[in-house]
Structure formats: C-alpha cells, structure tokens
Amino acid sequence: MPELPEVETVRRGLAPHLQGQRLVGARVRQPALRWPVPLDLDARVREQPILSLSRRGKYLLVQLATDWLLVHLGMSGSLRLTDPGIDPGKHDHVDLLLANGPVLRYHDPRRFGAILLTPDPDRHPLLAPLGIEPLSEAFRGEWLYQASRQRRTSIKAFLMDAHTIAGIGNIYANEALFRAGIHPSTMAGRLSRTRCERLAVQIRSTLEAAIAAGGSSLRDFVDGQGNPGYFQQSYFVYGRPGSPCRTCGHAIRIMRQGNRATFYCPECQKR
DNA sequence: AGAACCACCTGGCAGC
DNA sequence: TGCTGCCAGGTGGTTC
C-alpha cells in the first residue's frame with residue numbers, strides 16, 4: 001500500500017487535525033510490529049503537544065516537544081482518526097489519544113510497519129542512511145545521472161533502493177520507468193544524461209499525480225480520514241500483465257527482479 | 001558491488 | 001465448502 005504518495009496523502013490529511021493538538025496518552029494492544037513498540041510509549045507521549053507532521057521517504061514524522069514519533073506503514077499499515085467510542089478491530093494495534101477527543105488509530109494486519117520514538121530523527125539509524133527526496137529541488141536529471149555512474153545494478157533496483165532515493169516502491173518504480181520509456185533491466189550506469197533527465201521528470205510527475213489523486217487504493221488503502229485513493233485507475237503497467245499497453249496496445253509483460261514483480265511494455269520501454 | 005534469498009505476518013484469491 | 005499454495009505496497013540482514 002504505502003509508498004511515498006500514500007504516506008504524503010496521510011500526512012496531508014492528518015496535519016490540519018493534529019497540528020496544535022496535544023496527546024494525552026497511548027494504548028498499545030499489540031507491540032510486536034517490525035520492531036517492538038516502545039514499552040514507555042504511553043508515558044513519553046503523555047501531555048506532549050504535536051508541533052508538526054513531516055515525512056522522510058516512507059516514514060511519517062510527528063514532532064512532539066521532547067521526542068519525535070516515527071511511523072512506518074510497512075506493507076499493510078494505515079493510520080486514521082476515529083472516535084474513541086468505536087471499538088478497535090483485530091488489527092488496530094496502537095491508539096494515540098488526543099486531548100480534544102479523537103484517537104489516531106494504527107491498523108496493520110501484517111505488522112511490517114513500525115512506531116518508534118527518537119529525540120533526534122536526523123541521527124536515527126533508520127532515517128540517517130536514507131537517500132535523496134525525489135520531490136526535493138535537488139532531485140534533477142543531473143543528480144540522477146551523477147548518482148548512477150558506475151552503478152551496474154538495474155535501473156529499477158536502483159530506483160527502489162531507499163538509501164539512494166527515498167520513497168519509491170514497486171508501484172511507482174514500474175510506473176515511472178514506463179512513462180520515461182526505459183526498460184526496467186537497463187543498467188543504471190548506462191543511462192544517458194537525456195534519459196536521466198526524462199526519468200527524473202517522470203518520477204516527479206508520477207509521484208505528484210498520485211498525491212493529487214489521493215494515493216493508490218490497493219486493497220484497502222485509506223487516507224487519514226478513511227478515504228480511498230484513485231491513482232490505481234491511472235496505472236499504465238503495474239498489475240496489468242497480459243493487458244494491452246495504453247499507449248501502443250502490445251501486451252504488458254511481467255518478470256521477476258529479485259523477488260519483486262516487474263511490469264513493462266516491451267514496445268514502449270527500451271534498454 | 002550486486003543478486004538472490006530469507007525473515008517478519010496476515011489475508012485474499014485461484015485452483016482443485 | 002474447504003483445503004493448499006501463491007501472491008502482495010517494505011526493508012534490514014545474510015550469503016554467495
């Protein structure tokens with residue numbers, strides 16, 4: 001579910017409801033996420049004002065007065081505001097209680113996500129090694145060109161490496177490569193400046209279009225208010241093996257890179 | 001350096 | 001209806 005656009009959609013949806021509010025505690029029903037939820041979460045968030053909501057790659061950062069909450073949605077996580085009178089469901093593992101009434105409820109059937117606390121996100125071992133933000137000013141064709149020199153890995157693996165570029169997952173790597181006309185197996189270090197320029201532009205525009213559509217509604221993705229996203233309707237290749245390419249009509253192909261499915265059009269995407 | 005696996009975990013779905 | 005096997009948005013780690 002959650003790649004950069006989905007996390008950004010959640011952030012934008014929650015920010016107006018959380019900024020300026022105050023937490024009064026946390027209820028942890030299932031601490032066994034990817035890493036254990038801190039045992040002292042309740043005590044450390046109690047009476048803490050929420051100063052800001054930001055995002056780094058696929059992590060949502062909630063700035064409190066003395067700590068930062070790091071939330072990762074893993075493969076199946078969601079975060080939404082709900083009424084405290086609504087009973088938690090089977091996979092509603094953590095509630096963050098707001099002073100003004102509602103609860104921020106973390107739901108994650110597969111439990112690949114994480115809720116962590118840190119006094120200094122810049123030095124946190126999960127955040128510090130993250131690569132460039134693909135929506136930042138610095139992310140341009142020339143950056144992509146320089147960063148990919150001497151890299152013999154495939155361009156798709158390169159795009160999905162969070163230590164190089166933060167936030168691009170399987171869906172948007174596939175979609176951006178299609179839009180840029182680049183075959184996913186192309187060696188990263190072999191891309192010309194021109195193609196790096198085109199790819200950087202398409203990565204940005206694909207992510208921005210997905211955010212504008214409210215994210216992708218795979219399975220049960222919902223934003224902070226429980227609304228679905230609509231970007232899935234715009235997929236060119238992801239999840240469409242055998243279906244006609246929306247551009248040329250050839251059948252979309254599927255292959256495996258590592259253990260991830262790669263979708264591409266053999267006609268529109270060149271090595 | 002990079003590719004391939006594995007691990008973590010649940011649920012949906014196809015096929016029998 | 002029910003069982004089995006496979007698949008899924010992530011990602012740190014190990015091994016070759």
Side-chain angles (χ1 to χ4, degrees), chain A residues 1-11 29-37 55-60 70-79 88-94 106-116 124-131 134 147-177 184-190 206-207 210-211 213-223 228-235 237-242 254-263:
Chain A
M1 172 208 311
E3 300 184 29
L4 186 156
E6 289 70 43
V7 179
E8 182 62 20
T9 295
V10 170
R11 189 193 71 76
R29 284 174 289 270
Q30 168 57 279
L33 302 185
R34 168 126 204 218
W35 293 282
V37 177
R55 180 189 55 70
R56 181 75 176 95
K58 298 170 191 166
Y59 287 88
L60 184 68
L70 307 185
V71 181
H72 196 292
L73 301 176
M75 293 273 266
S76 60
S78 61
L79 200 55
K90 184 178 177 186
H91 302 295
D92 291 337
H93 306 311
V94 177
Y106 179 82
H107 171 91
D108 187 2
R110 292 179 72 181
R111 291 192 270 127
F112 286 175
I115 295 182
L116 300 166
H124 192 278
L126 292 172
L127 299 186
L130 292 178
S148 59
R149 292 313 88 186
Q150 316 291 52
R151 295 295 306 273
R152 301 178 65 81
T153 190
S154 72
I155 186 61
K156 186 184 178 231
F158 180 86
L159 295 183
M160 289 179 67
D161 178 359
H163 298 335
T164 304
I165 304 170
I168 301 178
N170 202 28
I171 294 173
Y172 298 105
N174 278 296
E175 293 298 308
L177 286 168
S185 298
T186 310
M187 190 186 295
R190 281 265 160 85
T206 302
L207 295 175
I211 292 168
S216 293
S217 187
L218 266 151
R219 301 257 165 96
D220 61 347
F221 171 73
V222 289
D223 67 14
Y230 294 96
F231 189 73
Q232 188 181 6
Q233 297 166 13
S234 309
Y235 290 165
V237 290
Y238 184 83
R240 304 186 61 243
I254 182 170
M255 66 174 178
R256 293 253 150 206
Q257 284 179 299
N259 207 25
R260 311 302 296 274
T262 293
F263 305 91

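Reminder, nothing fancy here: chain letters follow the sequence lines and each chain counts from 1.
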Handout entry: First encountered from the 5' end of DNA chain B, between A/Asn259 and A/Gln150
Key =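 Its nearest nucleotide lies further toward 5', so the answer is A/Gln150.
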Would you mind classifying the nucleic acid contact of [X] as base, sugar-phosphate or nothing, using non-hydrogen atoms under 4.0 angstrom?
X: A/Arg260; result: base
X: A/Leu126; result: sugar-phosphate
X: A/Asn170; result: sugar-phosphate
X: A/Ala32; result: nothing

Problem - A/Thr262 vs A/Val237, side chain to side chain contact (heavy atoms under 4.5 Å, CB included): CA-CA, chis, key distance, verdict - result: CA-CA 9 Å; A/Thr262 293; A/Val237 290; over 6 Å; no
Spacing of [X] atom [atom1] relative to [N] atom [atom2], expressed in whole Å:
X: A/Ile168; N: C/dT11; atom1: CD1; atom2: P; answer: 12 Å
X: A/Asp92; N: B/dG11; atom1: CG; atom2: P; answer: 12 Å
X: A/Met75; N: C/dC6; atom1: CE; atom2: P; answer: 17 Å
X: A/Leu130; N: C/dT11; atom1: CG; atom2: C1'; answer: 11 Å
X: A/Ile171; N: C/dG10; atom1: CD1; atom2: P; answer: 7 Å
X: A/Met187; N: B/dA1; atom1: CE; atom2: P; answer: 15 Å
X: A/Phe158; N: C/dT11; atom1: CZ; atom2: P; answer: 16 Å
X: A/Leu70; N: C/dG12; atom1: CG; atom2: P; answer: 13 Å

Practice task
Test side chain to side chain contact (heavy atoms under 4.5 Å, CB included) on A/Leu70 and A/Leu126 and set out the steps.
Solution key: CA-CA 10 Å; A/Leu70 307 185; A/Leu126 292 172; 5.6 Å; no
Counting only side-chain nitrogens and oxygens, does [X] get under 4.0 Å of the OP1 or OP2 atom of [N]?
X: A/Thr153; N: B/dA3; value: yes
X: A/His163; N: C/dG12; value: yes
X: A/His72; N: C/dT11; value: yes
X: A/Arg256; N: C/dA8; value: yes
X: A/Lys58; N: C/dT11; value: yes

Problem - Residue A/Trp35, side-chain atoms from C-beta onward, closest of C/dG12, B/dG2, B/dG11 - result: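 The answer is C/dG12, which lies nearest to the side chain.
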Practice task
Please answer whether B/dC8 and A/Phe112 are stacked, defined here as ring centres separated by less than 5.5 Å and planes angled under 30°.
Solution key: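 Stacked: ring centres under 5.5 Å, planes under 30°.
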Identify the two heavy atoms, one from [X] and one from [Y], that lie closest to each other, and give their separation to 0.1 Å.
X: A/Lys58; Y: A/Val7; value: O-CG2, 3.4 Å
X: A/Pro2; Y: A/Leu73; value: CG-CB, 3.4 Å
X: A/Leu207; Y: A/Pro5; value: CD2-CG, 3.7 Å
X: A/Ile168; Y: A/Glu3; value: C-OE1, 3.9 Å
X: A/Ala166; Y: A/Gly131; value: CB-O, 3.8 Å

Practice task
For A/His91 and A/Ser76, run side chain to side chain contact (heavy atoms under 4.5 Å, CB included): C-alpha distance rounded to whole Å, both residues' side-chain angles, the deciding distance at 0.1 Å, then the answer.
Solution key: CA-CA 10 Å; A/His91 302 295; A/Ser76 60; over 6 Å; no
Distance between the [atom1] atoms of [N] and [M], in whole angstroms?
N: C/dC6; M: B/dC5; atom1: P; answer: 15 Å
N: B/dC9; M: C/dG2; atom1: C1'; answer: 22 Å
N: C/dC7; M: B/dA4; atom1: P; answer: 16 Å

Handout entry: Strand DNA chain B as a dot-bracket string - pairs counted if Watson-Crick or G-U with both distances under 3.5 Å, | where the partner lies in another strand
Key = .|||||||.|||||||
Practice task
Could you tell me whether the side chain of A/Arg34 has a donor or acceptor atom within less than 3.5 Å of a complementary atom in the base of C/dT11?
Solution key: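 Checked by distance alone, the answer is yes.
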Problem - Donor-acceptor pair present, A/Arg110 side chain and C/dA8 base, under 3.5 Å - result: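 Yes, a donor-acceptor pair under 3.5 Å.
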Handout entry: Distance flag, aromatic centroids of A/Phe231 and A/Tyr172, threshold under 6.0 Å
Key =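 Yes, the ring centres sit under 6.0 Å apart.
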